[in-house]
Amino acid sequence: MPKMIDLGDMIIRIASKDSHRLERSINGGRTWLPHWDRQLFEFRDLMDRGDELLAETSKGLYRSVNKGQSWSIRSR
């Protein structure tokens, strides 16, 4: 089962067929669209921290403050 986060107006998940991609749904998960282009790293887990999303990846921890539209490496 892919990891996913419900943001209210949208659900984001790690793509079931390619863990290097994220997908989004705006209709409760009935259909899924690409949310973020294929990356050089693999998404392993997604976490909702309120003001930011965190993604555990094969290259470390990444964060997004805009619902997953862009990601940056999270400094410790």
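Predicted model, so just to flag it, every value in this text is computed and none were measured.
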**OP:** Taking side chain to side chain contact (heavy atoms under 4.5 Å, CB included) as the test, write out the residues that go with Asp6, two or more places apart.
**Re:** Ile11
Original post:
What residues, two or more places apart in sequence or in another chain, satisfy side-chain hydrogen bond (donor to acceptor under 3.5 Å, both in side chains) together with Ser72?
Top reply: none
Original post:
Within a strict 4.5 Å, meaning less than it, do heavy atoms of the Ile12 and Leu7 side chains meet?
Top reply: yes
Subject >> Approximate separation, where rounding is to 0.5 Å, of Ser70 OG and Arg63 CZ >> reply: 9.5 Å
Original post:
Got Ile26 and Asp9 here, is their nearest side-chain heavy-atom distance under 4.5 Å?
Top reply: no
Subject >> Contact summary for Val65 and Glu52, nearest pair of heavy atoms >> reply: CG1-CB, 4.1 Å
**OP:** Indicate yes or no: at least one non-hydrogen side-chain atom of Ile14 is less than 4.5 angstrom from one of Leu46.
**Re:** yes
Subject >> side-chain hydrogen bond (donor to acceptor under 3.5 Å, both in side chains) against Asn27, all qualifying residues, sequence neighbours excluded >> reply: Ser25, Thr31
Subject >> All side chain to side chain contact (heavy atoms under 4.5 Å, CB included) counterparts of Ser58, not counting sequence neighbours >> reply: Phe41, Glu42, Arg44
Original post:
Quick one: CZ on Arg21 to CZ on Phe43, what's the gap to the nearest 0.5 Å?
Top reply: 11.0 Å
**OP:** Report yes if some heavy atom in the side chain of Trp71 is under 4.5 Å from a heavy atom in the side chain of Leu53; otherwise report no.
**Re:** yes
Original post:
Do any pairs count as a salt bridge (Lys or Arg N to Asp or Glu O under 4.0 Å) and have a residue in residues 22-31, sequence neighbours left out, and if so which ones?
Top reply: Arg13-Glu23
Original post:
What pairs of residues pass the ring-ring contact (aromatic ring centres under 6.0 Å, His included) test when at least one of them lies in residues 5-34, not counting sequence neighbours?
Top reply: none
Original post:
In terms of heavy-atom contacts, does CG of Leu40 have more than 12 from other residues, nucleotides or ligands at under 6.0 Å?
Top reply: no
**OP:** Write down the atom of Lys59, the atom of Ile73, and the distance for their closest heavy-atom approach.
**Re:** O-CD1, 3.9 Å
Subject >> Interatomic spacing from CG in Asp48 to NZ in Lys67 - rounded to 0.5 Å >> reply: 10.0 Å
**OP:** Compare all side-chain heavy atoms of His35 with those of Met10 and state whether any distance is below 4.5 angstrom.
**Re:** yes
